Amino acid sequence: DKGGYKHFMAKEIAEQPSVLKNTLSHYQNADASEVELPDHNIDLAHIDRLTMVACGTAFYAALTAKYWFEKIARVPVDVDVASEFRYREPPVSPGTCALFVSQSGETADTLAALRYMASQNATILSVVNVPESSIARESDLVLPLHAGVEIGVASTKAFTAQLAVLALLAIKIAYARGAIDAAQYRTHIAELNRLPGLISQALGIDGAVQDIAKKLATAQDIIFLGRGALYPLAMEGALKLKEISYIHAEGYPSGELKHGPIALIDKSVPVVVMAPMDPLFDKSVSNMQEVMARSGQVLLISCKQGLKTAAEGTWAQITMPTTPDLLAPIIYAIPAQLLAYHTALAKGTDADQPRNLAKSVTVE
Ligand code: M6R
């Protein structure tokens, strides 16, 4: 049942405020003073290294979480796509924790990577949406998304729920390791509880995105740029667009632009810049100006203040709510999803059944 929407994807985008509310409610105590995980016997205070493995959108969720685990919990993290990881058979030191992210819990490469890590005696954690899946069954600790069934082939609500669960885990581990104090821990929990409200607010951009998508639909190539935790989001935005609109798109770290991709820029290439007002904002803006100096058509996605400071000369703007740094990659997933969806609509492709793609990739 599409609940009155044209596609499951649109329905699943729209239901994210209630999905996230539900996800968050499963991971905290009544007065929101503690992150609570399902029962386990893992010593969180002694997680000294984390290996994360996933595919596609789940891989981008893991890459985003690397920023949180390293910055907030001070735990070094390796992230890899499962199809590479499994055949590289990396050496595993004693006490390694491996974390697998998968909506379906059945992705063949991710499951094979899990089995390899289990054979090396790693502790296996997983973040899955389907609690009875193979990946869940073979894990020492399963962190379910509680996002409800996701039908659209392009993952949307599972992605933001993955990010929410990974952020909760990062701050839980950060506190257990003494990397943050009780006040910082509570502040982060309170920030996470603002997610449903901020996502609802972000969904208000729908009309503005429809107009922008009409122009994007005529492009051959689109570049997405972001820095810090917004870099994986740039890749996620590009993947969504490729999947359902069939337009070639690439996500790059803004600072990498001048090491090659800037050669692609001319007036026919829209460049989507995701730049919340965080400590890296000025750097993103200067990269954006380099694009504009080469006639690139910039779509700037930032908050009101960010747009006031930097929108001059851009082709289009999307106004996002002001967000705590921790939440920015989750909130900015909304424009990534809506840009892909409305561009697909403008091109007349079927957002729910993109060509050549299956919802769950259970063969290599
Ligand atoms: O079920 P999984 O999360 O393991 O699936 C991983 C990828 O196949 C999946 O995220 C894919 O990239 C989506 N179609 C993205 O929208």
Side-chain angles (χ1 to χ4, degrees), residues 7-13 16 19 23 52-65 79-86 98-115 117 124-139 142-166 224 232-247 249-251 329 333-341 343-344 349-364:
H7 295 97
F8 284 108
M9 184 180 176
K11 172 174 176 265
E12 288 163 0
I13 290 173
Q16 288 174 104
V19 165
T23 305
M52 298 179 77
V53 182
C55 300
T57 285
F59 169 65
Y60 295 137
L63 265 187
T64 309
V79 189
D80 206 347
V81 286
S83 55
E84 286 302 314
F85 184 88
R86 64 180 289 194
L99 175 68
F100 299 87
V101 185
S102 174
Q103 188 286 129
S104 63
E106 300 295 350
T107 299
D109 283 323
T110 310
L111 181 58
L114 180 154
R115 287 181 176 155
M117 288 306 267
I124 310 293
L125 278 71
S126 63
V127 172
V128 298
N129 197 30
V130 183
E132 55 283 351
S133 60
S134 306
I135 288 178
R137 281 198 311 270
E138 298 185 29
S139 299
V142 183
L143 304 174
L145 298 182
H146 302 287
V149 179
E150 188 180 65
I151 295 172
V153 168
S155 185
T156 54
K157 63 176 180 174
F159 178 66
T160 48
Q162 283 160 350
L163 290 177
V165 170
L166 290 165
F224 285 74
L233 236 284
M235 291 192 284
E236 167 63 3
L239 176 66
K240 285 284 93 87
L241 198 78
K242 282 185 261 214
E243 282 191 291
I244 61 169
S245 77
Y246 315 144
I247 295 175
E250 296 298 335
I334 301 299
Q337 297 166 352
L338 288 175
L339 281 169
Y341 179 66
T343 305
T349 55
D350 182 350
D352 279 342
Q353 296 296 330
R355 66 187 183 200
N356 310 340
L357 293 175
K359 178 67 184 159
S360 178
V361 185
T362 53
V363 290
E364 294 190 56

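Start at 1 and go down the list; that is how both ligands and their atoms are numbered. Keep in mind the model is a prediction, meaning the values are calculated, not measured. When reading the values below, keep in mind they use all heavy atoms of this one structure, side chains included, and skip hydrogens, waters and symmetry mates.
- Taking a cutoff of 4.0 Å between a charged side-chain nitrogen and a carboxylate oxygen, R137 and E132 do not qualify as a salt bridge.
- K240 and T57 form a side-chain donor-acceptor contact under 3.5 Å, judged by distance and modelled atom types alone.
- Checking S134 against E106 by side-chain atom types alone, a donor-acceptor pair falls below 3.5 Å.
- In this structure, R86 pairs ionically with E364, as a charged nitrogen and a carboxylate oxygen lie closer than 4.0 Å.
- Residues passing the ring-ring contact (aromatic ring centres under 6.0 Å, His included) test with Y341, sequence neighbours excluded: H7.
- At a cut-off of 3.5 Å, with distance as the only test, no side-chain donor of S245 or T343 sits close to an acceptor on the other residue.
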For ligand 1, find each of its N or O atoms that sits under 3.5 Å from a protein N or O atom, and tabulate the pairs with distances to one decimal place.
residue: ligand 1; atom: 1 (O); partner: S104; partner atom: N; Å: 2.8
residue: ligand 1; atom: 1 (O); partner: S104; partner atom: OG; Å: 2.7
residue: ligand 1; atom: 1 (O); partner: T107; partner atom: OG1; Å: 3.4
residue: ligand 1; atom: 3 (O); partner: Q103; partner atom: N; Å: 2.6
residue: ligand 1; atom: 4 (O); partner: S102; partner atom: OG; Å: 2.6
residue: ligand 1; atom: 4 (O); partner: T107; partner atom: OG1; Å: 2.5
residue: ligand 1; atom: 10 (O); partner: T57; partner atom: N; Å: 3.1
residue: ligand 1; atom: 12 (O); partner: T57; partner atom: N; Å: 3.3
residue: ligand 1; atom: 14 (N); partner: V153; partner atom: O; Å: 3.1
residue: ligand 1; atom: 14 (N); partner: E243; partner atom: OE2; Å: 2.5
residue: ligand 1; atom: 16 (O); partner: T57; partner atom: OG1; Å: 3.4
residue: ligand 1; atom: 16 (O); partner: S155; partner atom: N; Å: 2.9
residue: ligand 1; atom: 16 (O); partner: K240; partner atom: NZ; Å: 3.1
residue: ligand 1; atom: 16 (O); partner: E243; partner atom: OE1; Å: 2.6
residue: ligand 1; atom: 16 (O); partner: E243; partner atom: OE2; Å: 3.3

